[in-house]
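Worksheet: one structure, shown below.
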Amino acid sequence: MLWQFLEGEGDMSEKLLTHKQALAAVIRALGGTWDTERAVLALRVAGYEPASDEAAGKEARHNLRELMKDGVIVRPDPDQAVYRPA
């Protein structure tokens with residue numbers, strides 16, 4: 001699982017990342033192009049355990065769209081669901 005370490009009151013504390021935050025961190029670290037299949041793999045590596053492959057794809061597509069809205073990634077070709085870091 002991906003964790004975010006935060007400095008607290010004199011000690012280090014851990015916070016579990018959301019799926020969106022985990023996917024953003026992996027995209028920033030690895031770069032390249034991202035489609036649903038690659039995003040599903042990244043989410044699974046981060047600890048996401050979907051009920052089905054369909055649920056995994058839905059979660060990945062949702063997070064990719066949210067990251068695009070946030071400006072983290074862009075979709076160069078509007079006819080393809082393939083993204084790259086902004």
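Throughout, numbering of the chain's residues begins at 1 and tracks the sequence. Just so we're clear, the structure is a prediction, and the values are computed from it rather than from any experiment.
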Inter-residue atom distance [X].[atom1] - [Y].[atom2], 0.5 Å rounding:
X     : Y     : atom1 : atom2 : value
Arg28 : Leu23 : CZ    : CG    : 10.0 Å
Lys20 : Lys69 : NZ    : NZ    : 9.0 Å
Leu43 : Glu59 : CG    : CD    : 6.5 Å
Lys58 : Arg61 : NZ    : CZ    : 8.5 Å

Practice prompt. Determine, using the 4.5 Å side-chain heavy-atom cutoff (strictly less than), whether Leu67 and Val40 are members of one ILVMFWY cluster.
Written response: no
Practice prompt. Indicate, with yes or no, if Val74 and Leu30 share a hydrophobic cluster defined by side-chain heavy-atom contacts under 4.5 Å among Ile, Leu, Val, Met, Phe, Trp and Tyr.
Written response: no
State, to 0.1 Å, how close [X] and [Y] come at their nearest heavy-atom pair, and which atoms those are.
X     : Y     : result
Ala22 : Ala46 : CB-CB, 3.9 Å
Val26 : Ala42 : CG1-CB, 4.0 Å
Ala56 : Pro50 : CB-CG, 3.5 Å

Fill in: Note: Asp53-Arg44 ion pair, threshold 4.0 Å (strictly below)
yes
Fill in: Passing candidate, side-chain contact (heavy atoms from CB on, under 4.5 Å) with Leu64, options Ile27, Asp35, Val72
Ile27
Worksheet item: If only atom types and distance count, is the side chain of Gln21 paired as donor or acceptor with the main-chain N or O of Thr18 below 3.5 Å?
Response: yes
Practice prompt. Could you tell me whether a side-chain N or O of Arg38 sits under 3.5 Å from a main-chain N or O of Thr33, the two making a donor and an acceptor?
Written response: yes
Worksheet entry | Any Arg75 side-chain heavy atom under 4.5 Å of Trp34 side chain | no
